Amino acid sequence: SGSYPLRVTLAGRAVAGFPRNLQVVAARTDPTRCVVRGDALEGIRVGETAKASVVAHDAFGNSCLEGGDQVMVRLLGPAGSVDADVVDYGDGTYGLSFSVPRAGTWRAHLAVNGGENPDPVAEFVASQGVLAANQVALRIVHAQSGDDDFTPRGNLRNLSQGAVSQAPRAGTETIVHVQVLDHDVSGREVSGAEPVCLRMLSPSGVSANVPLRLAKDGARFHARVRWPEVGRHVLVASINGDAVVGSPSHVDVVAADVHLPSCVVTGPGASGCVAGERTRFVVEARDSRGNRLCAGGASLSLRVQTPGSEPTRGSVLDQGDGTYAASYAVDKAGPYVLVLSAGAGGSRLALEGTCAPGATDVTRCVVDASGLAQLTAGSRGVVKIVRRDKFGNAVEAGPDVLPFRVEATGVGPVSVETVESGDGGCEIRFEAKAAGRYALHAWSGYKRDAVAGSPFDVVVLPGQASASSCVAQLVGTTHAVGGPGVVAAVAGETLSVRMQARDRFGNATAWKRWQTLSVAASGPQDVVFKERLEDTGADTDGGVRQLSDASASGRGVFSAVLHRAGAYVVWCTVGGQAVVGWPRVIQVVPNTAAADASEWRAEAETMALTSEIASNAPFDRTGGLATRDTRRGAIGEAARARAEADSLRARLAKYEEAAAVVMEAAEATGITLKQHARAAAMAKEARIREVGDVVVSDDVGDGATGGGASEAFDARATRQLGIRELTAEEENDWTAGTPRQRGGRRSGGAMTRAPDADRL
């Protein structure tokens with residue numbers, strides 16, 4: 001159909017009246033060529049009016065531009081047939097309006113002017129429209145977590161509305177459906193566009209939205225609800241704020257099995273204990289979601305593990321209200337582990353704790369008294385005490401620790417104190433200055449419980465000898481003369497110094513091998529005293545050798561002989577340091593007169609007279625005490641004798657010089673000393689005869705002349721005067737002597753002496 005230009009020509013020329021326009025119109029409407037159009041066919045919903053249009057075509061497919069045809073459209077679908085309302089627009093198109101009662105596939109069949117098209121002109125799927133709250137129901141089906149298939153297990157018709165056949169456990173999941181009321185009978189589906197809302201209200205008052213989504217088949221909504229608590233939960237499903245059928249639904253959730261990691265543990269025993277004391281804690285049962293279990297019945301066991309020991313079992317008491325009281329005891333201080341188990345194959349809970357030591361048990365304390373061994377005077381001995389409880393655990397320092405108390409008894413005063421070391425230990429510091437045996441008592445507590453090993457036997461040994469405390473005694477001296485600190489000794493006699501070892505506190509001790517002891521004298525001659533060893537352990541007591549002050553080694557005894565008279569300074573040192581009270585001054589006086597050492601001096605008589613005056617001045621000649629006048633006379637005589645003695649000393653020096661010259665001259669002339677002695681004896685005898693002190697017999701000299709008479713005279717003089725001849729050895733000694741020694745003859749002390757020998 002359409003407009004065609006019609007041209008007629010003759011011999012190439014257009015015939016009059018041509019070209020003309022030819023209008024071709026469509027033929028009779030053919031139902032098989034008609035078309036149904038409209039966007040509404042893509043989204044038809046049940047119960048909603050849908051509109052479409054029918055475009056009429058002839059058998060050649062030309063659009064009919066005029067109406068007037070009898071058009072009828074019938075819809076065939078799940079609910080049967082539905083006739084659509086047709087409106088003729090007069091331009092070859094016809095409007096359709098219809099609604100389907102049920103979702104599903106619908107086919108449209110067309111009939112025009114009585115002729116039908118055997119094939120459907122259109123096919124569409126009608127979906128359920130937006131459902132109202134009264135068309136939808138809430139269904140709850142219990143399912144285990146992990147199920148991917150949301151198809152309810154079992155027939156929902158066997159379930160009461162709003163409840164489930166078996167109470168779910170807390171922590172498990174339940175499948176919830178929101179579907180059309182007759183879905184199970186007719187299979188009617190939801191459209192998926194319904195504004196459905198599902199909320200859950202827990203027993204604790206917490207409200208939460210539960211997400212819904214279409215099932216895989218698109219027929220209904222479904223959701224998985226995980227029950228967080230134990231108790232009654234409320235599920236509310238609504239569409240546009242209106243509750244659907246079966247909403248709200250109440251679900252009673254029961255507790256699941258005890259999940260120990262989620263349980264609440266309270267009490268001091270959960271983290272620590274005291275050694276030997278039974279401690280407890282409480283387990284508040286909860287499931288894996290942390291829900292409180294209000295009923296008992298769980299089988300819980302407790303095991304205690306300590307390092308280095310076998311595990312021990314504790315006790316768990318079910319209190320019937322969802323709480324369990326556990327108790328245990330640990331003897332070893334330090335870390336330990338508590339292991340709670342919920343039945344065979346159940347959950348476990350490990351708790352770490354620390355066991356503190358118990359109260360101090362004095363009898364179990366560890367005592368180290370090695371610091372008291374080999375203790376010397378003045379040194380500090382230490383006794384270390386480590387506090388322990390009755391199980392042997394070390395007790396740490398703290399405000400409640402009882403202190404130790406000590407006291408010491410012995411031969412002298414003692415300094416003793418206790419010092420806390422800060423780690424639970426204690427030090428007892430002992431110091432004594434007097435050597436001997438002591439008893440150290442240590443205790444603690446109100447009952448004065450003694451520590452192990454108390455009382456301690458402490459032996460304090462003397463220390464090293466100290467020069468400041470050593471004692472040295474002189475043996476062989478007389479009383480003090482010439483002032484304090486000066487003593488007299490006799491020349492030629494043995495002088496001994498006995499040194500007694502003392503430590504710095506005055507305790508008798510022994511000399512060490514390495515200690516240097518020395519005694520030396522300086523004066524007219526320098527003398528070093530020689531040390532001699534002596535056995536000082538003669539005294540015994542019960543078979544035990546007693547040591548003297550000079551020590552068991554016998555050291556400390558020095559002796560020497562001072563030959564020359566005069567003042568000596570004697571030093572006594574220990575290790576180079578002077579002994580206290582030393583040095584001392586010793587006045588060595590001449591010994592008794594010895595004939596072998598006596599000399600002939602011209603001033604001998606005057607000196608003897610002086611000695612006699614000085615010694616006899618306090619007494620008169622009758623032996624009684626002299627009067628004042630007598631004393632004054634004696635003093636005057638002594639002064640005169642002293643002046644005369646000084647004059648004689650000056651003369652003596654000159655005599656000695658002259659004697660030396662004479663002796664040298666005599667030796668040069670060859671005159672022997674024996675001849676000089678004989679001449680001196682003859683002169684002496686002549687003087688004696690003149691005085692009449694000695695009567696000499698003449699029988700010896702009769703008939704003797706020359707040399708015989710001289711020898712007889714020598715023998716007679718020697719016998720009467722007590723003079724003996726010198727031996728060759730003595731004569732050699734005499735010749736080698738000093739000028740003073742050459743001034744006189746030696747005489748034997750064993751023979752009878754002349755009456756004036758003492759005075760001389």
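What you see is a predicted model, and the numbers here were worked out from it, not measured in a lab.
- No close placement of the Phe430 and Phe456 rings is indicated, their centers lying 6.0 Å or farther apart.
- In plain terms, the two heavy atoms of Leu375 and Arg380 that are nearest each other are CD1-C, 3.8 Å.
- Figure legend: cation-pi geometry between Arg405 and Trp443 absent, as NZ or CZ is not positioned both under 6.0 Å from the six-membered ring centre and within 45° of its axis.
- With contacts defined as side-chain heavy-atom distances shorter than 4.5 Å, the pair Ile385/Ile428 qualifies.
- Contact check for Arg387 versus Cys426: side-chain heavy atoms found under the 4.5 Å cut-off.
- Of all non-hydrogen atoms in Tyr438 and Pro413, the two that sit nearest each other are OH-O, 4.4 Å.
- With a 4.5 Å cut-off on side-chain heavy atoms, Val490 and Val588 do not count as touching.
- Taking each heavy atom of Leu440 and Ala408 in turn, the nearest pair found is CD1-CB, 4.0 Å.
- Under a cut-off of 6.0 angstrom, the local environment of CD in Glu420 is crowded, with over 12 non-hydrogen atoms contributed by other residues, nucleotides or ligands.
- Between Val367 and Lys384, the closest side-chain pair of non-hydrogen atoms is not below 4.5 Å.
- Residue Gln577 qualifies as open at atom CD: its count of foreign heavy atoms under 6.0 Å is 12 or below.
- With a 6.0 Å radius and a threshold of 12 heavy atoms from other residues, nucleotides or ligands, Trp571 has its CH2 atom at or below the threshold.
- Evaluation of the salt bridge (Lys or Arg N to Asp or Glu O under 4.0 Å) test over residues 461-472, restricted to residues two or more places apart or in two chains, returns none.
- Residue pairs that meet the salt bridge (Lys or Arg N to Asp or Glu O under 4.0 Å) test with at least one member in residues 454-472, sequence neighbours left out, are Arg437-Asp457.
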